[in-house]
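Have a look at the structure below, then the notes.
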Protein chains: 2
Amino acid sequence: MSILLAIVDDKKINRQTVKEKLYGFAEISLLLEAESGDNFLEQLNKTKQVPDVVLMDLEMPGCNGIETIRLATANYPSIKFIVLTVFEDSDKIFEAIKAGAHGYLLKEDKAVEIVDAIVNVHEHNGIPMSPLIARKAMNMLMAVPMHAYANEEEDLPIKEDNAGISTREMDVLKELASGKNYKFIGEKLFISPKTVRKHVANIYEKLHVNSRTQVVNIAHKKRWI
Amino acid sequence: MSILLAIVDDKKINRQTVKEKLYGFAEISLLLEAESGDNFLEQLNKTKQVPDVVLMDLEMPGCNGIETIRLATANYPSIKFIVLTVFEDSDKIFEAIKAGAHGYLLKEDKAVEIVDAIVNVHEHNGIPMSPLIARKAMNMLMAVPMHAYANEEEDLPIKEDNAGISTREMDVLKELASGKNYKFIGEKLFISPKTVRKHVANIYEKLHVNSRTQVVNIAHKKRWI
DNA sequence: AAAAAAATACCCCCGAGGGAGTATTTTACT
DNA sequence: AGTAAAATACTCCCTCGGGGGTATTTTTTT
């Protein structure tokens with residue numbers, strides 16, 4: 001039995017485009033179309049058959065997509081909503097998911113990706129997401145302080161993020177990274193330049209690099225300097 | 001020209017499985033395999049050709065996948081890492097992304113999905129993500145207060161505080177800062193290593209420094225890299 | 001007290017990096 | 001068309017950095 005689909009988009013041409021993309025995939029059959037959130041909800045209340053999956057645009061006059069999802073999922077929890085919109089709406093993703101969306105795709109995505117997503121939400125419990133959307137979501141996430149979503153075992157002694165670099169090696173590394181030569185570093189740390197050499201060799205080994213430049217890059221990335 | 005791929009997984013059987021999945025896709029050619037993070041980093045430092053995309057397992061003895069990604073992206077920013085692992089590792093997703101991963105797939109994903117992801121990270125700037133992973137990520141996200149991730153980023157029009165560095169010199173500088181030697185830079189930019197030398201000398205003069213390391217620090221400070 | 005890890009120090013060898021030039025061709029801007 | 005600036009290329013010389021070691025002392029952990 002095929003998956004019953006609904007398409008909600010205010011512009012007829014958009015619905016048409018989607019229909020064409022889905023044309024030929026036997027596992028999907030179009031149950032209904034709506035030109036607005038309100039219209040979709042009305043149709044829902046009148047029909048016997050409810051769709052399995054709904055492709056939902058966000059930018060629509062009247063009741064917007066997210067609100068529609070929120071309302072519909074309250075009464076029809078079996079329906080899986082996939083947001084299908086343009087990239088400009090992408091900051092709505094968290095709102096949409098929170099409202100009950102089960103996927104977030106871009107209109108520019110390929111047909112096979114959309115079909116995959118429809119099948120996936122229907123049969124599994126994933127959240128199909130366009131790569132560009134995921135990128136956006138992750139960017140937004142990275143702005144959030146890490147501790148906010150820190151979970152379990154984070155109470156461990158500040159996880160060896162330093163790749164096994166010892167304290168003395170770190171002393172050397174800092175000087176190294178600021179461009180000092182062995183002689184200078186040795187004088188500053190009151191040790192022989194030969195010893196500095198040895199520390200540096202060990203650092204290189206631990207970081208899997210072979211030049212000062214690479215150490216500096218890693219040091220910046222890890223915010224050691 | 002096809003996409004150069006690397007596979008990092010401690011178990012030979014897993015690498016074999018992946019290879020079989022990718023077999024027959026002409027747009028992807030396998031450049032190298034590694035059985036551990038350490039091994040991968042070593043190979044990177046020795047090979048002339050750098051992979052475009054790396055499929056990285058997370059659970060490995062020795063240097064783990066995330067640490068490997070962190071180290072590698074610091075010095076090879078052009079490489080796109082896609083985590084390819086089992087669902088049990090899925091709570092590592094934020095760590096992985098933060099470390100520099102560009103995708104997060106499951107080993108059980110279909111071949112075509114993996115290929116799509118590889119092509120996507122190589123040609124676009126998305127983060128391909130398995131639906132189940134996205135679900136997990138969203139679940140973790142929903143625990144975060146909404147206001148936290150309101151608005152952020154947007155391409156800051158940061159332009160030109162460069163100290164009279166010309167465009168060509170900037171080309172050289174970027175390679176220089178990532179630890180390449182003169183010969184390599186020359187090949188990459190289609191000029192003689194002697195010319196590179198000259199550019200570097202000019203850069204040093206303009207920035208008032210006398211070593212690569214110092215250039216890297218300035219480049220980071222000025223956010224050139 | 002014994003074992004492990006870190007810190008100290010040294011060796012040889014060679015190539016890459018850098019100082020200080022000179023010089024020609026291309027591109028950019030009047 | 002004429003000039004300035006940038007990009008290209010090369011030379012000599014010498015230091016410093018990095019690969020690959022070995023070895024002793026101190027500190028930490030068990």
Side-chain angles (χ1 to χ4, degrees), chain A residues 156-158 160-219 224, chain B residues 38-39 41-48 62-63 71 74-76 160 162-219 224:
Chain A
L156 293 180
I158 311 169
E160 296 284 351
D161 191 28
N162 54 1
I165 303 289
S166 75
T167 56
R168 195 56 165 168
E169 283 163 354
M170 192 57 85
D171 293 340
V172 173
L173 188 148
K174 280 177 182 146
E175 297 302 322
L176 187 80
S178 63
K180 310 299 190 305
N181 63 26
Y182 292 132
K183 184 161 158 285
F184 182 98
I185 299 174
E187 281 162 11
K188 177 131 182 208
L189 300 181
F190 307 106
I191 55 181
S192 156
K194 318 295 177 65
T195 305
V196 178
R197 272 286 280 112
K198 182 60 178 165
H199 282 309
V200 171
N202 290 335
I203 290 169
Y204 284 6
E205 200 183 359
K206 287 177 182 174
L207 297 182
H208 304 280
V209 299
N210 51 30
S211 76
R212 286 156 171 259
T213 308
Q214 294 175 305
V215 171
V216 180
N217 284 319
I218 289 176
W224 289 337
Chain B
D38 310 82
N39 182 240
L41 292 167
E42 275 162 35
Q43 289 193 50
L44 257 195
N45 281 331
K46 274 167 193 151
T47 180
K48 197 98 220 159
C63 192
L71 289 174
N75 283 305
Y76 302 88
E160 304 333 317
N162 57 18
I165 303 289
S166 75
T167 56
R168 195 56 165 170
E169 282 164 355
M170 192 57 85
D171 293 341
V172 173
L173 188 147
K174 279 178 183 145
E175 298 301 322
L176 187 80
S178 64
K180 310 301 190 303
N181 62 27
Y182 294 131
K183 184 158 157 286
F184 182 98
I185 298 175
E187 281 163 12
K188 176 127 182 213
L189 300 181
F190 307 107
I191 55 182
S192 156
K194 319 294 178 65
T195 305
V196 178
R197 271 286 278 112
K198 182 59 178 166
H199 282 309
V200 171
N202 290 336
I203 290 169
Y204 284 6
E205 201 185 359
K206 287 176 182 174
L207 298 182
H208 306 283
V209 300
N210 51 27
S211 77
R212 289 160 168 257
T213 308
Q214 293 173 303
V215 171
V216 181
N217 283 318
I218 290 177
W224 290 337

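Order of the sequence lines sets the chain letters (A, B, ...), proteins ahead of strands, with each chain counted from 1.
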Would you please enumerate the stems DNA chain C participates in, each stem being three or more consecutive Watson-Crick or G-U wobble pairs with both distances under 3.5 Å?
-> C:1-30 with D:1-30
Atom of B:N75, atom of A:T213 and distance for their closest heavy-atom approach | OD1-O, 4.3 Å
Hey, does A:K198 reach any base, or is it just sugar-phosphate, or nothing, if we go heavy atoms under 4.0 Å?
-> base
Please state how far atom CZ in A:F184 lies from atom C1' in D:dT15, giving the value in whole angstrom units.
-> 18 Å
Drop me the distance from B:N202's CG to B:R197's CZ, to the nearest 0.5 angstrom.
-> 10.5 Å
Does B:A177 offer a backbone N or O that forms a donor-acceptor pair with the side chain of A:N217 under 3.5 Å?
-> yes
Round to a whole Å and report the spacing from CD of B:E42 to P of D:dG19.
-> 12 Å
Should the pair B:R212 and B:Y182 be classed as cation-pi, given the thresholds of under 6.0 Å to the six-membered ring centre and 45° from the axis?
-> yes
A:Y204 side chain near D:dG18 phosphate (N/O to OP1/OP2, under 4.0 Å) | yes
Sorted by first residue and then second, give each salt bridge (Lys or Arg N to Asp or Glu O under 4.0 Å) pair with at least one member in residues 185-194 of chain B; sequence neighbours left out.
-> B:K48-B:E187, B:E175-B:K188, B:K183-B:E187
Respond yes when some side-chain nitrogen or oxygen of A:R197 is under 4.0 Å from OP1 or OP2 of C:dC10, and no when none is.
-> no
B:R212 side chain: which of D:dG18, D:dT22, C:dG17 is closest?
-> C:dG17
Less than 4.5 Å apart, any side-chain heavy atom of B:L173 and any of B:L207?
-> yes
Could you state the NZ-P distance from B:K194 to D:dA9, rounded to the nearest angstrom?
-> 10 Å
For the pair made of CD1 in B:I203 and P in D:dT8, what is the distance, rounded to whole Å?
-> 12 Å
Find the distance B:K183:NZ to C:dG17:C1' and express it as a whole number of Å.
-> 15 Å
Whole Å only: how far is the CD atom of B:E205 from the P atom of C:dG18?
-> 15 Å
Could you tell me the separation between the CG atom of A:L176 and the C1' atom of D:dG18, rounded to a whole number of Å?
-> 11 Å
Each nucleotide N or O in nucleotides 4-7 of chain D that has a protein N or O under 3.5 Å away: list the pair and distance.
{"unit_1": "D:dA7", "atom_1": "OP1", "unit_2": "B:S166", "atom_2": "OG", "d": "3.3"}
{"unit_1": "D:dA7", "atom_1": "OP1", "unit_2": "B:T167", "atom_2": "OG1", "d": "3.4"}
{"unit_1": "D:dA7", "atom_1": "OP1", "unit_2": "B:R168", "atom_2": "N", "d": "3.0"}
{"unit_1": "D:dA7", "atom_1": "OP2", "unit_2": "B:S166", "atom_2": "OG", "d": "2.1"}

Does A:Y182 put a side-chain nitrogen or oxygen below 4.0 Å from OP1 or OP2 of D:dG18?
-> yes
Should A:H199 and A:L176 count as side-chain neighbours, where that means a heavy-atom distance under 4.5 Å?
-> no
B:G164 backbone acceptor or donor facing B:K206 side chain under 3.5 Å | yes
With rounding to the nearest 0.5 Å, note down the distance linking NE2 in A:H208 to CG in B:L44.
-> 11.0 Å
Rounded to whole angstroms, how far apart are CD1 on B:I185 and C1' on C:dG17?
-> 11 Å
